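Just so it is clear, the model here is predicted, and its values are computed rather than measured. Side chains are part of it too, since the values below use all heavy atoms of this structure and drop only hydrogens, waters and symmetry mates. In what follows, chains carry the letters A, B, and so on, assigned in the order in which the sequence lines appear, proteins first and then strands, with residues in each chain numbered from 1.
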Amino acid sequence: MPEGPELHLASLYVNKMCDGMVFGGTVIKSEVSKCPEVAFTCDSYRITATSRGKEVKLTLTPMKSDDDGNRRSKGGQADQHMDIVFRFGMSGYFRFTSEEEVPKHAHLRFYTKEKPRRVLSFVDTRRFGSWQPNGTWQPDRGPCIMFEYKSFRENVLSHLSDRAFDRPICEVLLNQKYFNGIGNYLRAEILYRLNIPPFVCARDVLEGLQLEDEFENGKAKKKAIKREAGDVLRLSHTVPLEVVNLGGKGYDPEKMDYSAFEAWLRCYYVDGMKSVRDHNGRTMWFKGDPGPMAPKVVSKRRKAEKTQEETQQSETKSTARRKKSNSVEPAAGKHLGL
DNA sequence: CGTCCACGTCTAC
DNA sequence: TAGACCTGGACGG
């Protein structure tokens with residue numbers, strides 16, 4: 001589920017499923033969740049969603065009593081809207097189902113008023129996700145890489161003296177203060193497209209980039225030779241948007257098959273690519289030169305094929321789970337639980 | 001059965 | 001810079 005594109009697709013899903021829906025009553029939290037109760041009770045309300053980077057905000061809006069033939073709000077009834085800001089951790093997503101079909105690990109639930117009720121659920125198997133009632137976008141997170149491109153770009157380029165940019169570019173790409181929305185598969189795909197070694201100093205990659213994106217609307221001129229039009233900041237914007245556009249079928253975790261997404265991946269978890277744990281213990285997928293700031297052990301992940309002539313090399317672990325998806329084989333490979 | 005791994009933060013030494 | 005926080009799928013014995 002959870003990098004910038006999936007958070008945005010989740011907001012589209014909520015808006016689509018909840019369009020015209022009337023919710024009512026109390027918001028229910030699972031017993032096991034340690035997140036805060038949502039003290040919102042209302043006879044009739046609507047739900048809408050927006051996203052920013054790796055956060056989604058739900059807005060609960062009470063309906064005018066007139067819409068419903070009821071009087072003005074009684075005691076304990078919400079009269080004003082409430083924002084709830086969600087982070088998805090490793091496994092969060094939204095689902096809209098019948099009451100009987102509420103998924104396991106549905107930790108926050110909003111019920112409709114219909115006769116057989118339906119439920120909008122925040123589902124989060126591992127419970128690394130969180131929500132904040134009356135919340136705001138987390139202040140330390142930067143502008144959205146997808147929908148606040150200009151200020152995202154400015155925020156990075158105006159802070160290059162920050163010690164944060166002393167680190168390897170692949171690690172800085174996960175810094176949500178500057179790259180709000182980039183996650184582990186996106187950093188691999190972005191650097192792979194540009195052939196940038198992941199463990200090059202971030203400042204070396206970023207300094208010299210212009211505030212104005214030269215690749216926008218044909219300004220590239222002679223630079224058009226480059227196949228991937230753009231620098232690392234532009235691709236931090238366009239590559240996530242490609243994933244948003246993949247979700248065209250509609251982000252529906254129930255019916256979604258991941259073959260399109262798997263086919264889209266060129267580097268992350270792709271057979272034959274190299275991988276190494278970065279300084280924060282996260283697996284960095286890449287091809288070619290790791291770069292000067294790389295940790296030592298770099299392994300090449302391949303599928304354990306029958307043709308094991310290639311079991312030589314300096315491979316530590318040789319268990320890749322995923323072949324390049326344009327493979328001829330049935331799409332039965334491991335998929336990401338998006 | 002067991003070990004390893006996963007799309008991400010958090011806070012504590 | 002380590003763990004901590006969690007569940008569950010893949011794979012090994």
Side-chain angles (χ1 to χ4, degrees), chain A residues 1-10 30-36 51-56 85-94 103-107 122-132 135 137-142 145-146 163-164 166-168 170-190 236 239-240 242-244 246-247 251 253 256 258 260-262 264-265 267-271 275-285 293 295 299 301-305 316-323 332-338:
Chain A
M1 181 53 303
E3 300 188 20
E6 291 75 32
L7 278 277
H8 181 65
L9 290 166
S30 74
E31 284 297 320
V32 68
S33 171
K34 294 171 181 169
C35 286
S51 76
R52 178 181 188 260
K54 255 183 256 183
E55 296 183 304
V56 166
V85 173
F86 291 79
R87 261 155 276 135
F88 282 15
M90 295 285 262
S91 56
Y93 60 95
F94 282 104
K104 203 177 174 186
H105 308 296
H107 295 301
F122 176 65
V123 186
D124 183 10
T125 306
R126 297 181 68 183
R127 270 182 278 147
F128 292 170
S130 64
W131 62 80
Q132 199 56 62
W137 302 128
Q138 202 168 243
D140 288 343
R141 306 184 77 102
I145 45 139
M146 291 172 294
R163 294 285 303 275
D166 295 352
R167 323 236 72 230
C170 70
E171 295 172 15
V172 174
L173 282 171
L174 294 186
N175 184 341
Q176 302 298 298
K177 182 174 178 183
Y178 295 108
F179 293 86
N180 185 10
I182 300 298
N184 207 25
Y185 78 73
L186 283 171
R187 70 169 176 172
E189 296 299 315
I190 291 162
S236 294
V239 172
E242 289 181 22
V243 180
V244 171
L246 280 185
Y251 168 73
M256 178 78 164
Y258 303 101
F261 177 72
E262 291 191 23
W264 175 85
L265 291 170
C267 178
Y268 181 81
Y269 243 116
V270 170
D271 184 40
S275 70
V276 62
R277 297 304 198 90
D278 70 15
H279 296 290
N280 299 311
R282 304 275 254 134
T283 303
M284 179 66 213
W285 288 87
M293 300 174 81
S299 65
R301 306 286 196 90
R302 318 208 83 252
K303 182 171 180 177
E305 304 256 275
T316 50
K317 300 188 174 183
S318 47
T319 44
R321 282 110 169 129
R322 185 176 172 278
K323 282 182 75 81
K334 164 190 166 40
H335 61 66
L336 300 164
L338 288 177

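Under the 30°/60° scheme for interplanar angles, the aromatic rings of A:Phe86 and A:Phe122 are found to be tilted.
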Distances for protein N or O near nucleotides 11-13 of chain B N or O, under 3.5 Å:
none

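Where A:Gln176 and A:Arg126 each meet DNA chain B at their nearest nucleotide, the meeting point lying more 5' is that of A:Arg126.
Among the heavy atoms of the strands lying under 4.0 Å from A:Arg141 are primed sugar atoms or P, OP1, OP2 only; no base atom is included. A:Glu55 comes within 4.0 angstrom of nothing in the nucleic acid, heavy atoms only.
Taking atom NE2 of A:His279 as the reference point, atom P of B:dG8 lies 19 Å away to the nearest angstrom. Residue A:Glu171 contributes atom CD, which lies 15 Å from atom C1' of C:dA2 at whole-angstrom precision. If you take CD of A:Gln132 and C1' of B:dT9, they are 15 Å apart, rounded to a whole angstrom. Spacing between atom OH of A:Tyr93 and atom P of C:dT7 amounts to 15 Å, rounded to whole angstrom units. Nucleotide B:dC5 holds its C1' atom 10 Å from the OH atom of A:Tyr268, rounded to whole Å. Atom CG in A:Asn280 sits roughly 14 Å away from atom P in B:dA6 (whole-Å rounding). The interatomic distance linking A:Met90 (CE) with B:dC4 (C1') rounds to 13 Å, in whole Å. Rounded to a whole Å, the CG atom of A:Asn175 is 12 Å from the C1' atom of B:dT9.
Taking the six-membered ring for Trp and the full ring otherwise, A:Phe94 and A:Phe88 have centroids separated by under 6.0 Å.
Counting only heavy atoms from C-beta outward, the side chains of A:Trp285 and A:Tyr185 never approach each other to under 4.5 Å. A 4.5 Å side-chain heavy-atom check between A:Glu171 and A:Arg282 finds every atom pair outside the cut-off. Residues A:Glu6 and A:His8 have side chains not in contact (no heavy-atom distance under 4.5 Å, counting atoms from C-beta outward). Considering only heavy atoms from C-beta on, A:Ile145 stays 4.5 Å or farther from A:Asn180 through its side chain. At least one side-chain heavy atom of A:Arg187 sits less than 4.5 Å from a side-chain heavy atom of A:Asp278. Counting heavy atoms from C-beta on, the side chains of A:Trp131 and A:Val85 never come closer than 4.5 Å.
Across the P atoms, B:dC5 and C:dG13 are found 15 Å apart, a figure rounded to whole Å. B:dT9 and C:dG8: their P atoms are spaced 22 Å apart (whole Å).
A close approach under 4.0 Å does not occur between any side-chain nitrogen or oxygen of A:Arg282 and OP1 or OP2 of B:dT9. Contact check, A:Arg277 against B:dC5: a side-chain N or O comes under 4.0 Å of OP1 or OP2. Between A:Lys104 and the phosphate of C:dG8, there is a side-chain N or O to OP1/OP2 separation shorter than 4.0 Å. Taking only side-chain nitrogens and oxygens, A:His105 never comes nearer than 4.0 Å to OP1 or OP2 of C:dC6. Note on A:Thr283: a side-chain N or O is less than 4.0 Å away from OP1 or OP2 of B:dA6.
One side chain, A:Gln138 or A:Arg87, offers a donor N or O that lies under 3.5 Å from an acceptor on the other.
For A:Arg127 and C:dC6, a side-chain-to-base donor-acceptor distance below 3.5 Å is absent, hydrogens and geometry of angles not being considered.
Comparing B:dC10, C:dC6, B:dA6 by their closest approach to the side chain of A:Lys34 singles out C:dC6. Among the nucleotides C:dT1, B:dG8, B:dA6, the one closest to the side chain of A:Tyr269 is B:dA6. Comparing B:dT9, B:dA6, C:dG8 against the side chain of A:Lys54 picks out B:dT9 as the nearest. The side chain of A:Phe128 approaches B:dG8 more closely than any other nucleotide in the set C:dT7, B:dA6, B:dG8. Checking B:dC10, C:dG8, C:dC5 against every side-chain atom of A:Gln138, the shortest atom distance belongs to B:dC10.
The pair A:Asp166-A:Arg163 counts as a salt bridge, with a side-chain nitrogen and a carboxylate oxygen less than 4.0 angstrom apart.
Nearest heavy-atom pair across A:Ser236 and A:Ile182 is O-CD1, 3.7 Å.
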Dot-bracket assigned to DNA chain B with the 3.5 Å Watson-Crick/G-U criterion, [ ] for crossing and | for other-strand pairs, is ||||||.|||||.

